[in-house]
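These notes concern the structure reproduced below.
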Amino acid sequence: MIQPEELVGKSVCKIGRAAAMCWIHFGRPVEIESRGRKRIVGEFALDLDCPWRIRNSSGGIELGSADMFVPASRHVLDEDNWDVQGNNLFDEKAKLLFPEGSQITVTAAGLSGSCDLTITFSNGLCLESFVNASSQEECWRLFMPGLEHGDLVVTGVGIE
């Protein structure tokens with residue numbers, strides 16, 4: 001099973017979202033086939049389907065999971081178009097904080113006793129996730145795209 005510590009030294013390959021789920025790819029680019037087409041992904045991937053934030057070294061919040069529901073600076077957001085790529089604040093800020101091709105790396109990664117995930121980056125930013133369920137609902141997952149095993153899946157009752 002993959003452990004968060006395996007991310008240390010890996011660069012942030014890309015960051016984005018699928019609906020309201022944040023995904024971050026780490027490590028060297030890898031080509032996989034998915035849904036009948038080839039895609040370039042990171043060696044490792046993190047899917048966050050729980051509250052999370054990225055804060056700076058002073059403690060200020062640079063980006064958070066709720067930013068997906070706030071309009072980007074150039075858009076008016078309504079209930080029907082928050083999910084359109086580029087329309088929300090997450091889409092706008094994520095690309096600025098972690099530009100594709102940058103050499104931002106993971107300097108530390110670990111779990112709390114309640115399986116909250118913390119990842120510290122070389123640019124001084126820190127991602128913190130918060131398990132917010134008491135059920136077997138999946139909160140976050142760390143995996144290697146293209147492999148069928150070894151996923152670290154965290155639910156409200158712990159590691160699956």
Original post:
Given Cys50 and Asn132, is the side chain to side chain contact (heavy atoms under 4.5 Å, CB included) satisfied, shown in steps?
Top reply: CA-CA 6 Å; Cys50 62; Asn132 67 331; 3.6 Å; yes
Quick check against the 3.5 Å criterion: does [X] have a side-chain atom that pairs as donor or acceptor with the backbone of [Y]?
X      : Y      : answer
Ser65  : Trp52  : yes
Ser135 : Glu137 : yes
Asn88  : Met68  : yes
Asp47  : Trp23  : no
Ser57  : Gly124 : no
Thr120 : Thr107 : no

Minimal non-hydrogen separation, [X] against [Y], with atom names:
X      : Y      : result
Ala133 : Cys139 : CB-SG, 4.0 Å
Phe90  : Gly16  : CZ-O, 3.4 Å
Ile24  : Cys22  : CG1-SG, 4.0 Å
Gln136 : Thr155 : O-CG2, 3.3 Å
Val131 : Cys115 : CG2-O, 3.5 Å
Leu152 : Ile2   : CB-O, 3.4 Å

[atom1] of [X] to [atom2] of [Y]: how many Å apart, nearest 0.5 Å?
X      : Y      : atom1 : atom2 : answer
Leu63  : Glu92  : CG    : CD    : 10.5 Å
Ile119 : Cys126 : CD1   : SG    : 8.5 Å
Asn56  : Asn123 : CG    : CG    : 10.0 Å
Asp91  : Leu96  : CG    : CG    : 11.0 Å
Phe130 : Ser112 : CZ    : OG    : 9.5 Å
Leu7   : Phe44  : CG    : CZ    : 6.5 Å

**OP:** Start with the C-alpha gap between Leu142 and Asp151, add the side-chain angles, then the distance that decides, and say whether side chain to side chain contact (heavy atoms under 4.5 Å, CB included) holds.
**Re:** CA-CA 6 Å; Leu142 180 61; Asp151 295 9; over 6 Å; no
Examine [X] and [Y] and state if one hydrophobic cluster contains both, with Ile, Leu, Val, Met, Phe, Trp and Tyr joined whenever side-chain heavy atoms are less than 4.5 Å apart.
X      : Y      : result
Val30  : Met144 : no
Val41  : Trp140 : no
Leu147 : Met1   : yes

Original post:
Would you say Glu31 has more than 12 foreign heavy atoms packed within less than 6.0 Å of its CD?
Top reply: yes
Subject >> Candidates Ile61, Asp67, Leu125 - the one meeting side-chain contact (heavy atoms from CB on, under 4.5 Å) with Ile54 >> reply: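 Of the listed options, the one satisfying the test is Leu125.
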Subject >> Residue of the set Val12, Leu97, Thr105 for which side-chain contact (heavy atoms from CB on, under 4.5 Å) holds with Phe121 >> reply: Val12
Original post:
Is a salt bridge present between Glu128 and Arg55, judged by a nitrogen-to-oxygen distance below 4.0 Å?
Top reply: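 Salt bridge flag = yes for Arg55 with Glu128.
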**OP:** Apply side chain to side chain contact (heavy atoms under 4.5 Å, CB included) to Leu117 and Leu111, showing your working.
**Re:** CA-CA 5 Å; Leu117 175 66; Leu111 297 176; 4.1 Å; yes
